[in-house]
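Here the structure is a predicted model, which is why all the values come from computation and not from measurement. Values below: every heavy atom of this structure, side chains too, minus hydrogens, waters and symmetry copies.
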Amino acid sequence: MAKINKEWMEKWAKKVNEDKVLKVIGRFFTANFVIGVDDKDYLIKVRDGKIEMITDEITTNMMGWQFALRAPAESWNKFTEKVPPPMYNDIWAMAHPLHGKLKIEGDTKIFWQNLRALFWMFDIMRQV
């Protein structure tokens with residue numbers, strides 16, 4: 001069972017938007033990206049390091065996304081633990097070819113350009 005759902009994502013977004021460090025390191029982070037949990041996609045719109053919108057009801061008239069991070073719910077659940085187990089402690093461990101639980105798709109240039117802010121956002125997931 002996935003603990004990550006729309007309500008959880010909204011709590012995460014609130015914590016992200018209240019974070020003082022992210023206001024500095026994320027000030028140039030503007031992108032639309034997807035967090036995929038099993039077969040459910042969440043579109044996240046970030047503007048200047050703040051999450052403006054999260055939706056799980058993606059329609060064709062919405063602007064596209066630049067990159068997606070998709071993993072099974074079990075992997076996201078472990079990743080978001082206060083102290084995650086080995087191979088779930090960061091995105092690279094989850095995406096490692098020997099583990100292969102996370103897939104990174106799309107325009108990876110945007111992903112790389114905003115890596116520090118994105119990783120900070122993901123660390124905040126452990127506070128929800």
Donor-acceptor pair, Asn32 side chain versus Gln66 backbone, under 3.5 Å?
no
Within 45° cone of Phe79 ring axis and under 6.0 Å: Arg126 NZ or CZ
yes
Report the C-alpha distance between Leu43 and Met53 in whole Å, list the side-chain angles of each, state the deciding distance to 0.1 Å, and finish with yes or no for side chain to side chain contact (heavy atoms under 4.5 Å, CB included).
CA-CA 8 Å; Leu43 176 66; Met53 183 190 82; 4.1 Å; yes
Flag, side chain of Trp120 to backbone of Val16, donor-acceptor distance under 3.5 Å
no
Criterion salt bridge (charged side-chain N to carboxylate O under 4.0 Å, His left out) on Arg70 and Asp41, from CA distance to verdict
CA-CA 8 Å; Arg70 292 191 168 97; Asp41 282 347; 2.9 Å; yes
What are the two closest non-hydrogen atoms of Ala13 and Ile54, and how far apart are they?
CB-CD1, 3.7 Å
Test item: His96 and Met87 side chains (from C-beta on) under 4.5 Å apart, heavy atoms
yes
I need the minimum non-hydrogen distance between Ile110 and Phe67, along with the two atoms involved.
CG2-CE2, 4.0 Å
Keeping Asp38 on the side-chain end and Lys40 on the backbone end, is there a donor-acceptor pair under 3.5 Å?
no
More than 12 foreign heavy atoms under 6.0 Å from CZ of Arg47: is that the case here?
yes
So does Lys3 get a backbone contact from the side chain of Asn77, meaning a donor-acceptor N/O pair under 3.5 Å?
yes
When you compare the side chain of Tyr42 with that of Thr55, does any pair of heavy atoms fall below 4.5 Å?
no
NZ/Lys15 to CE/Met125 distance, rounded to the nearest 0.5 angstrom?
13.5 Å
Can you name the nearest heavy-atom pair linking Asn17 to Lys50, along with the distance?
OD1-CA, 3.3 Å
I would like to know whether Met121 and Val46 meet side chain to side chain contact (heavy atoms under 4.5 Å, CB included); could you show each step before the answer?
CA-CA 11 Å; Met121 284 180 168; Val46 176; 3.9 Å; yes
Is there a donor-acceptor pair under 3.5 Å between the side chain of Ser75 and the backbone N or O of Ala71?
no
Steps toward side chain to side chain contact (heavy atoms under 4.5 Å, CB included) verdict (Trp65, Asp107):
CA-CA 9 Å; Trp65 47 267; Asp107 184 354; over 6 Å; no
Atom CG in Asp90, atom CG in Leu102: separation rounded to 0.5 Å?
10.0 Å
Does the pair Glu74/Lys78 count as a salt bridge with the N-to-O cut at 4.0 Å?
yes
What distance separates Asn114 CG from Lys109 NZ, expressed to the nearest 0.5 Å?
11.5 Å
Establish, yes or no, whether a centroid distance under 6.0 Å links the rings of Phe119 and Trp92.
yes
At what distance, to the nearest 0.5 angstrom, does CD1 of Ile91 lie from CD1 of Ile104?
7.0 Å
Transitive ILVMFWY side-chain link Phe29 to Val24, under 4.5 Å:
no
Go through it in stages, so that I can follow the logic: the residues are Trp12 and Ile35, the test is side chain to side chain contact (heavy atoms under 4.5 Å, CB included), and I'd like the CA-CA distance, side-chain angles, deciding distance and then a yes or no.
CA-CA 13 Å; Trp12 170 62; Ile35 293 178; 4.0 Å; yes
Heavy-atom nearest pair, Gly26 first then Ala117, reads CA-CB, 3.7 Å
Decide if atom CD of Glu81 counts as having more than 12 heavy atoms of other residues, nucleotides or ligands within a radius under 6.0 Å.
yes
Is the side chain of Thr30 donor-acceptor paired with the backbone N or O of Asp48 at a distance under 3.5 Å, no angle test?
yes
Nearest 0.5 Å please: distance from the CG atom of Asp123 over to the CG atom of Leu22.
10.5 Å
Is it the case that one hydrophobic cluster holds both Trp112 and Ile25, taking links as side-chain heavy atoms less than 4.5 Å apart, direct or via other members?
yes
Working note: Lys6 + Glu10, criterion salt bridge (charged side-chain N to carboxylate O under 4.0 Å, His left out); need CA distance, chi angles, decisive distance, verdict.
CA-CA 6 Å; Lys6 180 78 187 286; Glu10 288 171 352; 3.4 Å; yes
